[in-house]
S.K.: 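Handing you a structure now.
Hydrogens, waters and symmetry mates play no part in the numbers below; they use all other heavy atoms, side chains included. Just so you know, ligand 1 is whichever comes first in the structure, and atom 1 is the first atom listed for that ligand. In this text the structure is predicted, and so the values were computed from the model without any measurement.
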Amino acid sequence: MESYSKRLNAMTVDVEDYFHVSAFESVISPSDWSSITPRVGNNTNRLIDLFNEHGIKGTFFTLGWVAEHCPEVVKRIVDEGHELGSHGSNHRRTTTMTQEQVFEDIRVSKDKLEQVSGKAILGYRAPSFSIDKTNEWVFDILVELGFKYSSSTYPIEHDLYGVPDWPRFQHVRKEGIIEIPVPTLVNNGKNIGIGGGGYFRLYPYWVSNRRIEKYMQATDEPYNFYLHPWEIDTDQPRVDGAPLKSKLRHYVNLHVMEKKLVRLIKDYKWGTMYETYKDVINAE
Ligand SMILES: [Zn+2]
């Protein structure tokens with residue numbers, strides 16, 4: 001661990017509620033959202049408390065919906081020195097929209113987040129890492145809207161997202177924007193995702209930690225980790241009627257997430273995306 005203690009890594013949170021996730025989109029439609037009591041505000045406050053308690057800063061890629069419905073927590077993110085980024089407006093995957101719709105979705109979210117926070121939004125993360133070879137034009141939209149970086153690609157094979165042969169590390173895209181992919185480890189010629197999500201909850205902490213160590217041994221690049229406020233919310237209402245696979249992924253090991261997160265925070269050095277990647281972001 002010693003040799004990694006100086007390397008700064010990025011802690012990121014995709015700020016959305018349990019009913020926004022792609023896993024439940026077949027059973028909860030956006031027209032239902034207004035009748036559901038949001039839990040994202042409380043859960044995000046708990047994460048901010050946790051980060052503050054351990055003296056780390058993180059980047060919160062936040063939905064425009066959250067800025068509209070829970071503005072206090074969005075203000076708190078920036079007031080307490082964390083970075084605010086955009087996660088789009090309503091968690092619609094960019095692969096399911098036209099170019100005009102994606103433009104509006106991202107523009108509106110950026111405007112709302114900037115109005116509420118008073119800060120310029122520099123980073124974007126597509127819902128469900130939904131930029132792939134079919135919609136690379138999303139990067140042009142991000143450039144047009146003034147974003148400096150994106151963290152929207154996952155170079156793995158997965159049933160829901162991912163482009164396995166895309167770059168594994170931070171790079172300048174041909175559109176002129178920095179892309180910071182979710183970290184991966186090459187195992188038997190295949191990339192495996194090690195950036196967070198359901199697998200971090202599913203596997204024992206030592207398995208995830210060993211993989212992160214292997215990543216650190218293999219490269220000098222920073223590591224970045226993502227999680228969601230609903231992942232620490234053991235009391236969230238259970239969604240009926242969703243596909244079994246979606247439910248397994250969403251609910252597995254929620255009760256151990258917070259403890260694992262604390263261990264992860266203590267084992268490495270963490271900062272915001274901007275802070276971690278600022279040399280490459282500012283060089284572009
Ligand atoms: Zn999301």
S.K.: Salt bridge or not for R107 and D111, using N-O below 4.0 Å?
M.R.: yes
S.K.: Could you check whether F61 and Y226 have their ring centres less than 6.0 Å apart?
M.R.: no
S.K.: Checking R46 now: which residues fulfil salt bridge (Lys or Arg N to Asp or Glu O under 4.0 Å) with it, not counting sequence neighbours?
M.R.: E258
S.K.: So which of H250, R249, M257 actually passes side-chain contact (heavy atoms from CB on, under 4.5 Å) with R201?
M.R.: M257
S.K.: What are the protein N, O or S atoms, given as residue plus atom name, that sit under 2.8 Å from the Zn ion (ligand 1)?
M.R.: E16 OE1, H87 NE2, H91 NE2
S.K.: With a 4.0 Å cut-off, would you call D132 and R93 a salt bridge?
M.R.: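 No, D132 and R93 are not salt-bridged.
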S.K.: Side chain of S151, backbone of I180: donor and acceptor closer than 3.5 Å?
M.R.: yes
